[in-house]
Amino acid sequence: MKTKTFVAIATLSGLLLWVGCGKKETTEEQSAAPSSAAAPATPIDPATAATVSGTVKFEGVAPKPAKIDMSQDPNCSGGNVAENVVVSDGHLQNVFIYIKDGLGNRTFDAPKDTVTLSQSGCRYHPHVLGVMAGQTIKIVNDDPTTHNIHPTPKDNREWNESQAPKAAALEKSFAREEVMLPVKCNQHPWMRMFVSVVKNPFYAVTGPDGKFEIKGLPPGDYTLAFVHEKLGEQDQKLTLAAKDAKTVDATFKP
C-alpha cells in the first residue's frame, strides 16, 4: 500500500513539474514576441511637401581608375576598371545622399516594390544601391558563370550565397539601417558594391552628372548627408519651408 502511494505521489509530482515547465516555456515565448505592432507610417501632406536637389562635384585631379584583370575567369568578358572614384567633367558619381537627421519619430513603411541588383560582365549594377530597411532586393545573375554574393555588414545579418548562371533570382532584405554596406563576390574578388539601408524614403545616388533630387519632404530642419565609399562623409544643415525647393551642392577633394 505504501509503495502504491509513493508511486502515485511521484507520478503526480512529475506531472506538475512537466506542466510547470510547459508554462515557463510558453511565458518565455510570449515575452520574446513583439509587445506591440509596428507603428503606423506617418502621413505627409503633399500640399506642403518640399524638394532638395543639387550637384556633387570633385575638386582637383581625379585619380586614374585602376584597371582590373579578369583573366582568371574566361567567362568574364571585356576590360574593367575600378569604380571606387568615378569622376566625369568634375562631377562625382556614386555618392549616396540621405536625410540623416530631422525626421524625429516619424515612421515609414518599406516599399512593396523590389529593387534589382544585377551581375553582368562580372560587375555589380548599380555600384551603389539605396533601399529602405525591410525592402526586398532582387539579385539576378546575367553572366555565364557562377557568382557568390557575400554582404559583410556591421549591423545586419551576414550571408554568403552562390548563384549559378540562369538560376532563379535571390530575394533578400536588410532589417537595420546601415549606410554603405559592402557586398563582394567570393568567386571574383574585383566585384564589389555597396548597399545603403535607411529608415526613410528620402535618399538618392548621384549618376555621371553628379546630380541628385529628393522629393516629398515635410517642412523642417534637417541634416543632409553625402557619403562616398572612399572620400568619406559630408553633412550639411538644411531648413525647408512648405513647398520649398532648395539647392544644396557638395564638393569632395582627393
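Here the CD atom belonging to Glu229 is positioned 10.0 Å from the CE atom belonging to Met193, to the nearest 0.5 angstrom. The distance from the CG atom of Leu129 to the CG atom of Leu181 is 10.5 Å, given to the nearest 0.5 Å. Note that CD of Glu178 and CG of Asp155 are 4.5 Å apart. Values are rounded to the nearest 0.5 Å. Here the CG atom belonging to Asp143 is positioned 11.0 Å from the CZ atom belonging to Arg123, to the nearest 0.5 angstrom. Once rounded to the nearest 0.5 Å, the distance linking CG of Asp142 with SG of Cys122 reads 11.0 Å. Taking CG of Leu240 as the start and OG1 of Thr51 as the end, the distance is 8.5 Å to the nearest 0.5 Å.
Other residues, nucleotides and ligands contribute at most 12 non-hydrogen atoms within 6.0 Å of the NZ atom of Lys57. Few gaps surround CG on Asp45; more than 12 heavy atoms of other groups in view lie less than 6.0 Å from it.
Under the 4.5 Å side-chain heavy-atom criterion for grouping Ile, Leu, Val, Met, Phe, Trp and Tyr, Val128 is connected to Tyr98 within one hydrophobic cluster. Tyr124 and Val81 end up in different hydrophobic clusters when Ile, Leu, Val, Met, Phe, Trp and Tyr side chains are linked at under 4.5 Å. Side-chain heavy atoms closer than 4.5 Å link hydrophobic residues (I, L, V, M, F, W, Y) into clusters, and following such links, possibly through other members, connects Val85 to Met180. The cluster map of Ile, Leu, Val, Met, Phe, Trp and Tyr, joined by side-chain heavy atoms under 4.5 Å apart, puts Ile214 and Val95 in the same cluster. The same ILVMFWY cluster, assembled from side-chain heavy atoms under 4.5 Å apart, contains both Tyr222 and Tyr203.
You'll find the side chain of Leu92 stays beyond 4.5 Å of the side chain of Thr206, heavy atoms only. A heavy-atom distance below 4.5 Å is not found between the side chains of Val52 and Phe202. Using a 4.5 Å heavy-atom threshold, the side chains of Val198 and Phe108 count as separate.
Side-chain atoms of His228 come within 3.5 Å of backbone atoms of Asn84 as a donor-acceptor pair (strictly under, hydrogens ignored). At distances below 3.5 Å, at least one donor-acceptor pair connects side-chain atoms of Gln236 with backbone N or O atoms of Asp249. No donor-acceptor distance shorter than 3.5 angstrom exists from the side chain of Gln135 to the backbone of Val115, with no hydrogens or angles considered. Proximity of a side-chain donor or acceptor of Gln119 to a complementary backbone N or O of Val140 within less than 3.5 Å is detected. Between the side chain of Asn156 and the backbone N or O of Ala175 there is at least one donor-acceptor pair closer than 3.5 Å. A distance-only check finds a donor-acceptor pair linking the side chain of Lys246 to the backbone of Thr239 [under 3.5 Å]. Using a distance-only test at 3.5 Å, with no hydrogens or angles considered, no donor-acceptor pair links the side chain of Asn148 to the main chain of Cys185. Gln163 places a side-chain N or O within 3.5 Å of a backbone atom of Ala168 that can act as its donor or acceptor partner. Within the 3.5 Å criterion, the main-chain N or O of His188 finds no donor-acceptor partner in the side chain of Gln72. Formation of a donor-acceptor pair under 3.5 Å by the Asp73 side chain with backbone atoms of Asn75 is found in this model.
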Side chain to side chain contact (heavy atoms under 4.5 Å, CB included) for Asp109 and Met132? Distances and angles first, verdict last.
CA-CA 9 Å; Asp109 291 331; Met132 282 186 64; over 6 Å; no

Go through the steps to decide whether Thr55 and His91 satisfy the test side chain to side chain contact (heavy atoms under 4.5 Å, CB included), and finish with yes or no.
CA-CA 8 Å; Thr55 304; His91 301 128; 3.8 Å; yes

Might you work through the side chain to side chain contact (heavy atoms under 4.5 Å, CB included) test for Phe58 and Leu231, ending with a clear yes or no?
CA-CA 10 Å; Phe58 184 88; Leu231 303 175; 3.9 Å; yes

Output, in order, the C-alpha distance, side-chain angles, deciding distance and verdict of side chain to side chain donor-acceptor pair (under 3.5 Å) for Thr223 and Lys237.
CA-CA 5 Å; Thr223 299; Lys237 298 296 183 180; 2.9 Å; yes

Please lay out, stage by stage, how Leu224 and Phe212 fare under the test side chain to side chain contact (heavy atoms under 4.5 Å, CB included).
CA-CA 12 Å; Leu224 186 65; Phe212 74 94; 4.3 Å; yes

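In terms of heavy-atom proximity, Pro65 sits nearest to Ala82 at CB-O, 4.1 Å. A pairwise comparison of heavy atoms in Phe252 and Gly232 identifies CE2-O, 3.6 Å as the closest pair. Here the closest non-hydrogen pair linking Pro151 and Glu158 is O-CG, 3.2 Å. Pro144 and Pro165 get closest at one heavy-atom pair: C-CG, 3.5 Å. Heavy atoms only, all atoms of each residue included: Leu103 and Pro218 are closest at CD2-CG, 4.3 Å. Closest heavy-atom contact between Val197 and Phe174: CG2-CB, 3.8 Å.
A side chain to side chain contact (heavy atoms under 4.5 Å, CB included) with Glu161 is found for one member of Asn186, Ile149, Leu170 and no other, namely Leu170.
Between Phe194 and His127, the angle of the ring planes goes over 60°, which puts this pair in the perpendicular group of the 30/60° scheme.
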